[in-house]
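Taking it in order: structure first as structure tokens, then the write-up.
All figures in this text were calculated on a predicted structure; none of them were measured in a lab.
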Amino acid sequence: NVFHDGRYVDTTREANNVIDALDDAFAVTTFTNGADPAAWIGGAATTGIMLPELERGSLATTADVNAAVLAFVEAGGVFVSSNDAGSDNENVFNAIFGTALVRLGGSIGGPFSLTDGAWRDDPVLNAALSTALPTSLPGEAFVFPAVNLPPKALPIYVGLLGVPAVFALPVGLGYAFFIDFDWFESTQEWDRVLRACFAVAFANTAAPTVLPTPAPTTEVAGLLGALEDKLAAQSAELSAQFVALGDRVDTALEAFLAGCPVPTSLPTSAPTSARCPEGYELLDGTGRCYGVAATASSWTACRDRCAAAGVDTTMVSPCSQDENDAVWAAFWPQTNDYWIGHFDGNSDGIFDWQGGACDGSTYSNWEEGRPRLYLNGWRSYVYVTATSEWADKGNLAGPHACICEAAPLLS
């Protein structure tokens with residue numbers, strides 16, 4: 001009985017691939033009312049319930065649905081859930097069976113190996129699965145693994161570092177399977193796994209032939225007690241295996257991080273994919289873009305012209321000797337003298353940058369004797385001369401060329 005509501009599952013491809021895989025061996029029915037407990041259980045001949053990937057919407061099952069599906073499995077039925085890139089399938093699984101599965105972020109690739117684990121000691125699983133399952137699942141498959149398995153869970157296929165790709169959970173007389181595979185495309189090997197899981201219902205001779213559960217009998221109660229005793233005996237071993245798996249993951253992660261190179265300094269140049277705004281050019285060693293706006297009669301006119309040229313565009317502000325030399329070499333002599341974004345805002349002989357990349361820099365490249373105090377006070381505005389050195393003059397003492405700078409754009 002396959003859940004086939006297009007609001008929650010892909011009824012154009014993935015859910016249909018699941019049905020096609022099962023239809024080769026079973027009489028398949030579908031249901032769409034996820035809020036109706038009877039719809040999940042289907043008819044008296046239903047032996048299994050399939051929940052495909054919930055990629056279209058979040059399904060919150062009701063308490064009545066959870067109780068009905070749990071009773072169905074405890075009576076010997078089979079429940080199979082696929083997985084998804086989100087967390088909805090494991091949320092439904094957790095709500096029904098009281099587990100605490102958590103999806104591991106991201107997907108992993110195969111191949112995925114058939115284990116020799118405790119599932120082979122389960123007579124029902126061994127009878128149904130041991131000869132039906134392939135020894136490995138294809139490497140091109142991508143799995144969104146669920147971890148934090150309960151102690152009674154029996155991993156059947158595992159991938160990288162022992163992460164489970166398929167596991168079975170004994171529940172009363174029945175079994176719940178979680179298959180961490182996205183049925184984006186149906187593949188022969190994964191289809192075999194899906195059919196084998198549902199075949200468990202027919203190998204389970206302890207299960208009643210009519211579902212849901214009839215009144216318990218002494219024989220059924222005895223079988224249930226024996227099954228619980230067996231699983232309890234295995235729980236300590238499975239818990240130890242889970243702890244060991246966690247230790248292996250921690251060790252592998254530490255080894256991986258130890259092998260990662262740690263940069264000793266951050267790069268100062270622009271990335272190779274950087275590009276400049278139109279009309280600007282990127283100068284080697286500066287990581288910045290530069291362009292000539294025009295000749296400006298005053299320092300403030302140049303400042304305003306650059307500010308209006310684009311987002312985060314300022315007057316050229318060389319905050320190192322290398323940048324000062326690079327800009328001068330690129331634009332002299334076609335520009336002759338040019339304004340830079342250095343000024344004495346309070347006319348007290350203390351110069352600072354007008355903002356931009358040099359904000360807070362203490363670099364300077366004054367001509368000898370500059371800046372100087374004139375009879376009428378300090379001259380507050382700075383330009384670059386023919387020697388690439390700096391000189392001070394009044395705001396309206398131009399005209400000088402106006403060069404703007406901007407951060408590079410990332411393409």
Side-chain angles (χ1 to χ4, degrees), residues 260-345 349-371 379-393 395 397-411:
C260 292
V262 179
T264 58
S265 62
L266 295 175
T268 57
S269 60
T272 56
S273 60
R275 60 183 177 85
C276 290
E278 184 176 358
Y280 288 70
E281 62 177 296
L282 183 68
L283 297 186
D284 291 342
T286 67
R288 304 284 290 175
C289 299
Y290 305 87
V292 178
T295 298
S297 60
S298 67
W299 186 93
T300 53
C302 180
R303 177 199 62 193
D304 295 343
R305 188 169 296 163
C306 288
V311 178
D312 297 329
T313 305
T314 62
M315 295 172 67
V316 61
S317 299
C319 47
S320 70
Q321 189 65 49
D322 288 342
E323 185 179 6
N324 189 83
D325 293 345
V327 174
W328 183 85
F331 293 99
W332 188 275
Q334 64 266 34
T335 60
N336 294 323
D337 299 345
Y338 53 89
W339 298 108
I340 63 173
H342 208 46
F343 76 116
D344 177 5
I350 300 175
F351 287 76
D352 201 355
W353 297 100
Q354 53 96 26
C358 285
D359 204 14
S361 172
T362 59
Y363 166 72
S364 64
N365 191 40
W366 293 106
E367 285 183 342
E368 186 175 355
R370 305 275 192 160
R379 295 180 179 177
S380 301
Y381 303 94
V382 184
Y383 68 99
V384 176
T385 70
T387 64
S388 81
E389 295 175 307
W390 303 352
D392 54 324
K393 62 168 49 178
N395 182 41
H400 292 314
C402 182
I403 300 175
C404 305
E405 73 171 86
L409 306 174
L410 296 180
S411 55

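- Contact between W332 and D337 at its shortest, heavy atoms only, is CZ3-N, 3.1 Å.
- Of all heavy-atom pairs between D344 and G349, the closest is OD2-N, 2.7 Å.
- Although no hydrogens or angles enter the test, the distance criterion places a donor-acceptor pair under 3.5 Å between the side chain of R370 and the main chain of D392.
- For W353 and Y363, the ring centers sit 6.0 Å or farther from each other.
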Exercise. Assess whether disulfide (SG to SG under 2.5 Å) is satisfied between C402 and C306, documenting all intermediate values.
Key: CA-CA 8 Å; C402 182; C306 288; 3.7 Å; no
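- Nearest heavy-atom pair, I403 versus C302, reported as atom, atom and distance to 0.1 Å: N-SG, 4.3 Å.
- Smallest separation of non-hydrogen atoms from P399 and T295: CB-CG2, 3.4 Å.
- Under the side chain to side chain donor-acceptor pair (under 3.5 Å) criterion, the residue pairs touching residues 401-410 are R288-E405, with sequence neighbours excluded.
- Considering only heavy atoms from C-beta on, P371 comes within 4.5 Å of F351 through its side chain.
- Summarising the geometry of S317 relative to C358, their closest heavy-atom pair is O-SG, 2.7 Å, with the distance given to 0.1 Å.
- Of the possible donor and acceptor atoms, one in the side chain of W299 sits under 3.5 Å from a partner among the backbone N and O of I340.
- Considering CD of E281 and OG1 of T286, their distance stands at 9.5 Å, rounded to 0.5 Å.
- In this structure, P318 and Y290 have side chains that are not in contact, with every pair of non-hydrogen atoms separated by 4.5 Å or more.
- In this structure, OG1 in T385 is found 11.0 Å from CH2 in W366, a value given to the nearest 0.5 Å.
- Atoms NZ and OH, from K393 and Y383 in turn, are 4.5 Å apart once rounded to the nearest 0.5 Å.
- The residue from F331, W339, Y338 that alone fulfils the ring pair (Phe, Tyr, Trp, His ring centres under 6.0 Å) condition with H400 is W339.
- With values rounded to the nearest 0.5 angstrom, S380 atom OG is found 11.5 Å from I350 atom CD1.
- C276 and L282 make their closest contact through SG-N, 3.3 Å (heavy atoms, listed as atom of the first residue, atom of the second, distance).
- Every residue meeting the side-chain hydrogen bond (donor to acceptor under 3.5 Å, both in side chains) condition with D325, not counting sequence neighbours, appears here in chain and number order: Q321.
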